[in-house]
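Below is one structure, written out as structure tokens, with a few remarks after it.
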There are 2 protein chains.
Amino acid sequence: MKALKTRQATIFDVARLAGVSHQTVSRVLNDLPNVRPTTRDKVEVAIRQLSYTPSPAARALVTRRSATIAVLNTGAADFGPASIAIGLCEAAGPANYTVTMSNSGGSDPESIRSVIVQFVRQNVEAIVVIAARSASLEALSGIDLDIPLLTIESAGRPGFHSVSLDQYRGARLAVRHLIDLGHTRIEHVAGPSDSLDALERLRGWRDELGEAGIAAPRPLQGSWTPDSGSDAATELLARSDRGTAVFVANDQMALGFMHTLERAGIHVPDDISVIGYDDIPEAAYFTPPLTTMKQDFDALGRQIMGHLLEVLRDPAAPSPTRFVPSLVVRESVRALR
Amino acid sequence: MKALKTRQATIFDVARLAGVSHQTVSRVLNDLPNVRPTTRDKVEVAIRQLSYTPSPAARALVTRRSATIAVLNTGAADFGPASIAIGLCEAAGPANYTVTMSNSGGSDPESIRSVIVQFVRQNVEAIVVIAARSASLEALSGIDLDIPLLTIESAGRPGFHSVSLDQYRGARLAVRHLIDLGHTRIEHVAGPSDSLDALERLRGWRDELGEAGIAAPRPLQGSWTPDSGSDAATELLARSDRGTAVFVANDQMALGFMHTLERAGIHVPDDISVIGYDDIPEAAYFTPPLTTMKQDFDALGRQIMGHLLEVLRDPAAPSPTRFVPSLVVRESVRALR
DNA sequence: CAGCCCGATGTGAGCGATCACATGCCACCC
DNA sequence: GGGTGGCATGTGATCGCTCACATCGGGCTG
């Protein structure tokens, strides 16, 4: 197989081989008009022959554009964010974009800002922020960028483009399902309060309950992890009265939650119904298999790239319609009575 | 907050403001000697005043180095690969490296090769391949690069640098644990046969059994997913005789495996012991809580970056010692008799 | 048939850094 | 006191591309 060590051909090498000027080669490269078809062919042959590819650095230097989009992930290796990132990467390739990733551990404004500055200096063409905690968005909102900033969150802040799964509607659908089955006291195990997604799911739960004329009990506080779900169960067990159903803000917490309930002799779904959120691949094998809201993260990643490309052409492009999660019925929910 | 819209200052702007030549500024930037301290100070003041940062593109163009490392992820959004990627990103920042990611969906040589070519053209300084399936490595091994290629796999192929968790020893430890508890017929649910990690775990299982004078039964074939674990259970149930313990190659499969066993009336650990691999955050809440081998992916990600920096200084740097996974005892394994 | 315009192509500058080399200065030593 | 060497600094070329503009024909128009 050919070594990649030999010095890469330049646009001048191609020009010489094709017997044209470097500018003509550049025209062919960039699909500009006013090149005679025969000339175009000659150049293309030369390009293939030298297996030439233009230097991104040189191009970035002169155009101040880098064909790169930046992804800032502020979360952990959770299923959702990871899937989105992968979807993004996969969609970027075919669109001839490169993805550069950064994981700012902290979400303090200073460290986020420094990552953004670094991105800007790299001439990235857009920045995507995944798993946005509200603190991160706070930090972002002060910055005045002239490139699109996409956030993946539900609240739809003014000033950013945002693409997301409709967490609010998803949450309402989940709660609706429980109500339809006759439940009238429905608890909620919420995600961390600095997560916008968690807030949207909380809001959806509260609103759907409100619309059904049901008072919302005090939500239990979790932090996405199975451990925190387990803790929430312990807290619920300590309460004097508890509902007949629980909407847990993600599947991982639901796992810990159900597990600890079970250990305490409370059976799901006989004693209490549990509905999760995300539909992680494991959910079907929980004990009992978890009824949950399926989110299509892969599609989201792809949609983000698609929307991004549109925004890069037309900064005023409207946000795409949001995906609404769909209900996946398994065995953790039972009709009341 | 200051807008980032204004044209970025160049090295000449800094030079003018500091009253020196651009070359002196460059010297300060690159920490070269032979600059008088007072001059250095003047330049540094000017840099701060203009909040100047050098242009990566210009630098990359002339030096042919990009301060970028490429990460190629050939897997899915699994916990392991995702954690490693995040660990890598986090370690890259402080080292002043940028990470560019690509997800080649397929592992056919052609698509892998094209991603690598793209990386090379970007002047990345090293390429890290995560979740290497053997097919990907096959494709890689034909390519003659002059930058370090790091693979995260256990087999330790000649020709690449490789950093990894010691899957072979981990597997042996897992099987040892079962043997120590009196089990003499130990099944294995393997990962996909094109995964090197899966192969290493399989080899560890076989060797540990062999050393104990136990014949290895035919392994069950999975593909990392809970679904495939469930299928493996179904297959095992169809066998006329089966062992008293099973080493499942990852926790997700173990979940599906145990679930389907349970549904068939086979109880874990009373009827059969199960040990997993990875220690994903959910494992503690499985039914029953899963005994497994804990892998420290985060540390691995950090170690990779560390090793990479070393290799970039000295291409002959020795591979670091490998992390050995540690046993986490929970409730899915029982002593025999 | 002169004049004009437009399509195809070429020429040279410049993006913002580094690198190789030139220069100026002072101290030092014989 | 003049040669020498080393330090501090400056000058110009260069990386590989795109951009703005120049040039060159040929076909159409009046």
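Below, read A as the first sequence line, B as the second, and so on, with proteins coming before strands; counting in each chain starts at 1. Every value quoted in this text rests on a predicted model; they were computed, and no experiment measured them.
- Taking CG from B:Asn103 and CD1 from B:Ile130, the interatomic distance works out to 9.0 Å, rounded to the nearest 0.5 Å.
- Taking atom CZ of A:Arg36 as the reference point, atom C1' of C:dG10 lies 14 Å away to the nearest angstrom.
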Does B:Val45 form a side-chain contact (heavy atoms from CB on, under 4.5 Å) with B:Lys42? I'd like the steps, not just the answer.
CA-CA 5 Å; B:Val45 167; B:Lys42 269 194 304 186; 5.9 Å; no
Verdict with supporting geometry, B:Val128 and B:His307, side-chain contact (heavy atoms from CB on, under 4.5 Å)
CA-CA 11 Å; B:Val128 177; B:His307 179 52; over 6 Å; no
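- Applying the ring pair (Phe, Tyr, Trp, His ring centres under 6.0 Å) definition to pairs two or more places apart or across chains, none involves residues 38-72 of chain A.
- Using a 4.5 Å heavy-atom cutoff, the side chains of A:Ile47 and A:Val43 are in contact.
- Non-hydrogen atoms lying under 4.0 Å from DNA chain C are contributed by nothing in residues 42-49 of chain B.
- A 4.5 Å side-chain heavy-atom check between B:Val28 and B:Val25 finds every atom pair outside the cut-off.
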From CA spacing to verdict: side-chain contact (heavy atoms from CB on, under 4.5 Å), B:Ile127, B:Phe119
CA-CA 8 Å; B:Ile127 299 178; B:Phe119 281 156; 4.0 Å; yes
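- Within the structure, every side-chain polar atom (N or O) of B:Ser21 is placed at least 4.0 Å from both OP1 and OP2 of D:dT11.
- Within the structure, side chain to side chain donor-acceptor pair (under 3.5 Å) contacts touching residues 92-102 of chain B (residues at least two apart or in different chains) are A:Gln118-B:Thr98, A:Gln122-B:Thr98, B:Tyr97-B:Glu125.
- Between B:Arg16 atom CZ and C:dA17 atom P the separation is 13 Å, expressed in whole Å.
- When the C1' atom of C:dA20 is taken as reference, atom CG of B:Asn34 falls 15 Å away, rounded to whole Å.
- A:Asp41 has its CG atom 14 Å from the P atom of C:dA8, to the nearest Å.
- Overall, the helix from C:dC1-D:dG30 to C:dC30-D:dG1 carries an axis bend of 50° between its ends, with five pairs at each end and the value rounded to 10°.
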Tell me, for nucleotides 16-23 of chain D in 5' to 3' order, what letter each nucleotide earns: B for a base near a protein heavy atom under 4.0 Å, S for only sugar-phosphate near one, - for neither?
BBBBB---
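- Residues A:Leu72 and A:Ile112 meet the side-chain proximity criterion, which asks for heavy atoms closer than 4.5 Å.
- Counting only residues at least two apart or on different chains, the ring pair (Phe, Tyr, Trp, His ring centres under 6.0 Å) pairs with a member in residues 9-37 of chain B are B:Phe12-B:His22.
- Counting only distance, with no hydrogens or angles, the side chain of A:Gln303 and the backbone of A:Thr321 share a donor-acceptor pair below 3.5 Å.
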